[in-house]
Amino acid sequence: ANRTCVAGGDVSTSGAVDTANWYNGTGTPQTLYVTVDSASSSGLFDIVGNIVTTVQPGEFCSNAIALTAGSALSGQTLTGFYNDYSGSGTGSLCSSSSAGTDIVYSLDVPAGKRATFTVTPGTGLDTSVSLATSAANCASRTCVAPVASTSGGSGAADTASWDNTTGGLVTVFVTVDSSSATSGTFSIVGALVDAPSPVVGGGSCLTGTPIPANGLFLSSTADPGNH
């Protein structure tokens, strides 16, 4: 039979707790059918279903927590949140380290600015960062940047950057996710600087510099953008 699901959860570790949640935004009561599957056929498990009527700020892209450029938020936690967003999404640009709970922030990025977001988790927490340029793209996992220049395991900082070349103000949505249902705290900061000037040649696949046949060509990798 075809599997058309609205949510799912799998930590992929024996004995670990799996959680799936769904937000009913239809305006009418809905019946959910829950399929519990396994990698093997032996063993017992418990199952419980909870209904939460209060949605915390940052639970969804639509109620993201607003950041102030240059001001860090410390003592942030994923505890009490749900795994609303997972998978690499469209174009494999979202962070795929997303089996755990997540929280969403936002920052207004003026035209011509580069936004860099740094998430620093405490020991025992493995975070990831994904960026989207609208609430709809955030929800559908259509990202403009995954974990970028630095990313490591538990306790290591994650960063992601995006240059606003649109000519107008853009609100960037930042999904902070985790690799598993792990407790702990983290800090997040969004910094704004002037975006580097566009590279005339060789800065991207669209502006590649032709290489002469059978000739010597000298170039540089001093492109400020990570394409």
Side-chain angles (χ1 to χ4, degrees), residues 6-9 11 17-26 50-90 93-109 115-122 124-148 151 154-162 169-192:
V6 295
V11 178
V17 176
D18 295 313
T19 303
N21 61 282
W22 178 68
Y23 172 67
N24 183 6
T26 66
N50 295 317
I51 296 178
V52 179
T53 57
T54 301
V55 178
Q56 297 188 79
E59 182 66 57
F60 300 112
C61 302
S62 57
N63 71 337
I65 299 171
L67 296 172
T68 299
S71 297
L73 295 180
S74 60
Q76 303 295 287
T77 181
L78 295 167
T79 302
F81 289 85
Y82 295 89
N83 182 21
D84 298 297
Y85 308 111
S86 61
S88 57
T90 302
L93 287 177
C94 301
S95 173
S96 59
S97 179
S98 53
T101 55
D102 44 60
I103 185 172
V104 184
Y105 300 85
S106 66
L107 179 67
D108 290 338
V109 181
T116 299
F117 301 92
T118 302
V119 173
T120 306
L125 181 61
D126 184 5
T127 55
S128 65
V129 183
S130 298
L131 308 182
T133 52
S134 71
N137 286 345
C138 171
S140 65
R141 300 288 284 172
T142 304
C143 299
V144 294
V147 172
S151 62
S154 173
D158 299 303
T159 65
S161 298
W162 178 73
L169 182 73
V170 174
T171 299
V172 173
F173 293 82
V174 187
T175 301
V176 178
D177 216 317
S178 55
S179 60
S180 62
T182 305
S183 61
T185 61
F186 64 91
S187 66
I188 179 172
V189 62
L192 295 176

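None of the values given here were measured: they were computed from a predicted structure.
- Taking CG of Asp102 as the reference point, atom OG of Ser178 lies at 7.0 Å (rounded to 0.5 Å).
- Among all heavy-atom pairs drawn from Val129 and Ala160, the shortest one is CG1-CB, 4.0 Å.
- Shown here are the ring pair (Phe, Tyr, Trp, His ring centres under 6.0 Å) partners of Tyr82, two or more places apart in sequence or in another chain: there are none.
- For the residue pair Thr116 and Ser161, a side-chain donor N or O sits within less than 3.5 Å of a side-chain acceptor on the partner.
- Side-chain contact of Asp158 with Thr127: a donor-acceptor pair under 3.5 Å is present, judged by distance alone.
- Contact record, Cys94 with Thr142: SG-N, 4.3 Å, taken as the closest heavy-atom pair.
- Two residues are said to be in side-chain contact when any heavy atoms from C-beta on lie closer than 4.5 Å; Leu125 and Leu78 meet this criterion.
- Each of Val172, Val176, Thr159 was scored for a side-chain contact (heavy atoms from CB on, under 4.5 Å) with Phe117, with one residue passing: Val172.
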*Run the numbers on Tyr85 and Cys61 for side-chain contact (heavy atoms from CB on, under 4.5 Å), then give the verdict.*
CA-CA 10 Å; Tyr85 308 111; Cys61 302; 3.4 Å; yes
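- No side-chain heavy atom of Val119 sits less than 4.5 Å from a side-chain heavy atom of Gln76.
- Once rounded to the nearest 0.5 Å, the distance linking CG of Asn137 with OG of Ser130 reads 12.5 Å.
- Considering OG1 of Thr101 and CG of Asp177, their distance stands at 7.0 Å, rounded to 0.5 Å.
- Taking Glu59 as the reference, nothing meets the side-chain hydrogen bond (donor to acceptor under 3.5 Å, both in side chains) condition, with sequence neighbours excluded.
- Within the structure, the ring pair (Phe, Tyr, Trp, His ring centres under 6.0 Å) test picks out no pair touching residues 125-144 (sequence neighbours left out).
- The CG atom of Leu73 lies 5.5 Å from the CG atom of Leu67; values are rounded to the nearest 0.5 Å.
- Checked by atom type, the side-chain pair Thr171/Asp108 shows a donor-acceptor distance below 3.5 Å.
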*Could you check Asp84 against Val104 for side-chain contact (heavy atoms from CB on, under 4.5 Å), going step by step and ending with a plain yes or no?*
CA-CA 10 Å; Asp84 298 297; Val104 184; over 6 Å; no
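- Going from atom OG of Ser74 over to atom CD1 of Ile188 covers 12.0 Å, rounded to the nearest 0.5 Å.
- Between atom CZ of residue Phe81 and atom CD1 of residue Ile103 there is a gap of 3.5 Å, rounded to the nearest 0.5 Å.
- Below 30°, between 30° and 60°, or above 60°: for Phe60 and Tyr23 the angle between ring planes is between 30° and 60°, a tilted geometry.
- Smallest separation of non-hydrogen atoms from Ala69 and Leu107: N-CD1, 3.7 Å.
- Scanning both residues, Thr118 and Ala157, for their nearest heavy atoms gives CG2-CB, 4.4 Å.
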